[in-house]
Amino acid sequence: MGQGRTRRFEAIVLPHLNDAYNLARWLLRNDHDAQDVVQETYLRAFRHFDGFIGEDARPWLLGIVRNTCFTWLGEKMRGHIEFDEERDSDAPGAGPDAAANDPQRLLEYKLDRDRVNAAIATLSPPFREVLILRDLEGFSYDEISRIAGIPAGTVMSRLSRARGILRAALTHPGK
């Protein structure tokens, strides 16, 4: 029975490892912390896997990632947090294939990507969370509602505000 449970967990939950890491990385803005949170998330998910109902584990798992990230952030806020510009402003990503052969386009893409990533990083976690889940991970409003444990209307409101803040930051940098 234990091996069947483990196999089912591996088949249903492990395929979402990259999604779990991406969300943790965006929420925590730190590779090492994101890796730790994902490890903790998978331990929690495995421990509570018997309570999982359904076929799509992605929203369920990312809800655990989200809760673990906010717990992690809360614990760090109780201690001293020092801002590290390189660590806290850097975001992962790669340029499009079309730019790979054109150094000028590649540089422009990298500068644009860095500006967008830096603007996203300035959003508060509740706004950053819904933006990442909707625009980068492709979740529906209902799925985000389940992941974040908030009403769908709140998801839409936060997403609208996050996009507005992001638009303003990219249109009028430095304001």
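Residue numbers start at 1 and run along the sequence shown. Below, all heavy atoms of this structure are taken into account, side chains as well, without hydrogens, waters or symmetry copies.
Proximity of R58 to D19: side-chain heavy atoms (C-beta onward) are separated by under 4.5 Å at one or more points. Looking only at side-chain heavy atoms (C-beta outward), W26 and E137 stay at 4.5 Å or farther from each other. Counting heavy atoms from C-beta outward, L123 and I165 have side chains that approach closer than 4.5 Å. Side chains of T154 and V130 form no contact here, defined as non-hydrogen atoms less than 4.5 Å apart. The shortest side-chain heavy-atom distance between F127 and L166 does not fall under the 4.5 Å cut-off. Residues F52 and I12 meet the side-chain proximity criterion, which asks for heavy atoms closer than 4.5 Å. Within the 4.5 Å cutoff, no side-chain heavy atoms of E40 are placed close to those of W72.
Test L62, L61, D56 against P59 for side chain to side chain contact (heavy atoms under 4.5 Å, CB included) and you get one pass: D56.
Counting non-hydrogen atoms of other residues, nucleotides and ligands closer than 6.0 Å to CZ of R161 gives a total of 12 or fewer. Atom CD of Q39 has 12 or fewer neighbouring heavy atoms from other residues, nucleotides or ligands inside a 6.0 Å radius.
The CZ atom of R66 sits 11.5 Å away from atom CD1 of I144, with the distance rounded to the nearest 0.5 Å. Taking CG from N22 and CG from L17, the interatomic distance works out to 9.5 Å, rounded to the nearest 0.5 Å. Atom CD1 of I64 and atom CG of L23 lie 12.0 Å apart (nearest 0.5 Å). Atoms CG and OG, from L131 and S160 in turn, are 11.0 Å apart once rounded to the nearest 0.5 Å. Note that CZ of R128 and CG of L28 are 8.0 Å apart. Values are rounded to the nearest 0.5 Å. Interatomic distance, CG of D33 versus CZ of R25, reported as 9.5 Å (0.5 Å rounding).
L43 is not connected to V65 by any chain of hydrophobic side-chain contacts under 4.5 Å among Ile, Leu, Val, Met, Phe, Trp and Tyr, and they are in different clusters.
Of all non-hydrogen atoms in A45 and W60, the two that sit nearest each other are O-CH2, 3.4 Å. Annotation for L170 and A119: closest pair CD2-CB, 3.9 Å, computed over non-hydrogen atoms. The shortest non-hydrogen separation linking V37 to A24 is CG1-CB, 4.2 Å. Closest heavy-atom contact between S140 and R134: CA-NH1, 3.6 Å. A pairwise comparison of heavy atoms in Y21 and A34 identifies CE1-CB, 3.6 Å as the closest pair. Of all heavy-atom pairs between T68 and R44, the closest is OG1-NH1, 3.2 Å.
Taking the ring axis of F139 as reference, the NZ or CZ atom of R146 does not stay both within 45° of it and closer than 6.0 Å to the ring centre.
The ring pair (Phe, Tyr, Trp, His ring centres under 6.0 Å) pairs that include a residue from residues 27-48 are F9-F46, where partners are two or more places apart or lie in different chains.
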